[in-house]
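What follows is a set of notes on a single structure, which appears directly below.
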Amino acid sequence: MFTPVAGYFRVYEPVSAFSDSDFWRQYVEDGRGVPVWDGPTMIREMLYSRVGWPWREVPDFPREAYLLPGDEPLICPWNLTYRTAHMAVELSSMLPGTLGERLFPPEFISSASDVVTSDVHIDRHDTPSDSHERISIWTVPIRWLSAMRGTDKKYSTSHRTRHLLYRAPIRDVRARLHIAMSIANEHDWIDEDLAGAIDSTLTWLRGFDDASKVELDFGGLTTLWTDRQLAEDDSVDLTWKALEEANDGNTSGAEKHLERLNARFREIRAKERLN
């Protein structure tokens with residue numbers, strides 16, 4: 001079974017934050033939550049089997065979610081029907097007419113537009129919170145790493161998989177991102193787009209309930225690292241060491257930590273080119 005080589009940034013909201021909370025409470029009681037290590041492959045297979053070719057209309061995907069159990073369960077809905085439609089409409093609008101029509105037949109775009117315009121915010125909120133999950137192929141962006149701290153790390157292994165993720169309350173994540181953005185604004189040599197990327201992430205996170213939790217999941221990237229590399233991963237710590245050195249005016253120290261971090265993900269991106 002193919003595992004997408006991607007990282008994920010997710011928000012889990014309390015069931016009570018949803019307009020149809022009764023549906024999700026029953027979903028939780030029925031034990032239907034999907035494990036995060038199974039989700040990406042399941043989503044990939046759903047998309048391939050239901051969308052098909054040539055594309056005629058946006059299929060009606062089943063409602064599924066990742067789950068964090070507790071007295072007040074937290075869920076991260078997939079919302080594949082809306083996400084597929086929204087992606088198609090956005091992408092087709094950015095492509096030249098002929099290319100867009102070849103990639104997205106007019107009947108498919110018409111179906112996608114109907115889904116987007118008739119949406120009643122099931123499993124999501126007003127824009128920009130159009131999804132509870134963001135995806136990064138073949139890397140983990142610095143803006144996501146700066147949302148976490150080393151103490152948030154959760155590494156686990158089983159006979160089926162190895163899983164590396166970081167998880168923290170959304171209030172803490174917002175506070176950290178504000179600090180990181182402030183430092184990035186003053187030291188744009190870190191990454192000229194970092195401050196803007198963090199600001200965009202913060203705007204997205206403002207749409208979620210204050211009792212939510214945020215998860216940074218290394219997902220399929222873990223298939224490219226050894227057990228030791230995963231257990232000893234300090235990507236988040238390196239990010240904050242670089243930010244703190246920059247804030248103290250130690251440019252060389254910050255660059256040293258960033259280079260170690262960049263080299264780590266540069267190896268992964270090199271494997272992308274081989275594929």
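Along the sequence shown, residues carry numbers from 1. What you see is a predicted model, and the numbers here were worked out from it, not measured in a lab.
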Across all chains, not counting sequence neighbours, the side-chain contact (heavy atoms from CB on, under 4.5 Å) partners of Ala231 are Tyr155

For Ser235 and Asp233, the nearest pair of non-hydrogen atoms, with its separation, is OG-OD1, 2.7 Å

Those residues at least two apart in sequence (or on a different chain) that pass salt bridge (charged side-chain N to carboxylate O under 4.0 Å, His left out) with Glu259 are Arg266

Output for pair (Glu29 CD, Arg25 CZ), nearest 0.5 Å, gives 8.5 Å

(request) Indicate the ring-plane relationship of Trp24 and Tyr27, choosing parallel, tilted or perpendicular according to the 30° and 60° boundaries. (result) perpendicular

From the list Glu133, Glu215, Lys213, side-chain hydrogen bond (donor to acceptor under 3.5 Å, both in side chains) partner of Tyr12 resolves to Glu215

For Asp210, the salt bridge (charged side-chain N to carboxylate O under 4.0 Å, His left out) test, sequence neighbours excluded, returns Arg171, Arg174

In sequence, state the C-alpha distance, the side-chain angles, and the governing distance for Val5 and Leu221, and then conclude on side-chain contact (heavy atoms from CB on, under 4.5 Å). CA-CA 5 Å; Val5 184; Leu221 299 174; 3.6 Å; yes

Any donor-acceptor N/O pair, Glu13 side chain to Asp209 backbone, under 3.5 Å | yes

Residue pairs passing the side-chain hydrogen bond (donor to acceptor under 3.5 Å, both in side chains) test with at least one member in residues 140-154, sequence neighbours excluded, are Arg149-Glu244, Asp152-Arg176

In this structure, CD1 of Ile170 is separated from CG of Leu205 (nearest 0.5 Å) by 5.0 Å

Practice prompt. Check the pair Leu258, Ile142 against side-chain contact (heavy atoms from CB on, under 4.5 Å), reporting the backbone distance first and the verdict last.
Written response: CA-CA 10 Å; Leu258 280 178; Ile142 290 179; 4.0 Å; yes

When rounded to the nearest 0.5 Å, the distance separating OG of Ser212 from NE2 of His132 is 7.0 Å

Residues pairing under ring pair (Phe, Tyr, Trp, His ring centres under 6.0 Å) where one sits in residues 245-266, two or more places apart or in two chains, turn out to be Trp225-Phe265

By side chain to side chain donor-acceptor pair (under 3.5 Å), Tyr66 pairs with (sequence neighbours left out) none

With sequence neighbours left out, the residues meeting side-chain contact (heavy atoms from CB on, under 4.5 Å) with Thr81 are Val58, Asp60, Phe61, Val115

Those residues at least two apart in sequence (or on a different chain) that pass ring-ring contact (aromatic ring centres under 6.0 Å, His included) with Phe108 are Trp55

Applying salt bridge (charged side-chain N to carboxylate O under 4.0 Å, His left out) to Glu90 and not counting sequence neighbours gives none

Closest non-hydrogen atoms of Asp71 and Pro73, given as atom of the first, atom of the second and distance, are O-CD, 3.6 Å

Hits for side-chain contact (heavy atoms from CB on, under 4.5 Å) against Val89, two or more places apart or cross-chain, chain-then-number order -> Ala112, Ser113, Val116

To the nearest 0.5 Å, atom CG of Leu238 lies from atom CH2 of Trp240 at 13.5 Å

Arg167 and Leu68 have their tightest heavy-atom pair at CZ-CD2, 3.5 Å

d(Trp78 CH2, Ile43 CD1) to nearest 0.5 Å is 4.5 Å

When Ile183, Leu177, Asn185 are each screened for side chain to side chain contact (heavy atoms under 4.5 Å, CB included) with Met181, the one that passes is Asn185

Residue set satisfying salt bridge (charged side-chain N to carboxylate O under 4.0 Å, His left out) with Asp234, at least two apart, ordered chain then number -> Arg260, Arg264

Residues passing the side-chain contact (heavy atoms from CB on, under 4.5 Å) test with Thr226, sequence neighbours excluded, are Arg228, Gln229

The residue among Val140, Leu224, Leu230 that forms side chain to side chain contact (heavy atoms under 4.5 Å, CB included) with Phe218 is Val140

Looking only at heavy atoms, the pair that brings Ala242 and Ala254 closest together is O-CB, 3.3 Å

Heavy-atom closest pair (Ala6 atom, Ile137 atom, distance to 0.1 Å) is CB-CD1, 3.8 Å

dist Ser136:OG -> Asp217:CG (nearest 0.5 Å) comes out at 12.0 Å

Report task. Would you tell me whether Asn250 and Ser252 have side-chain atoms, one donor and one acceptor, within less than 3.5 Å of each other? Result -> yes

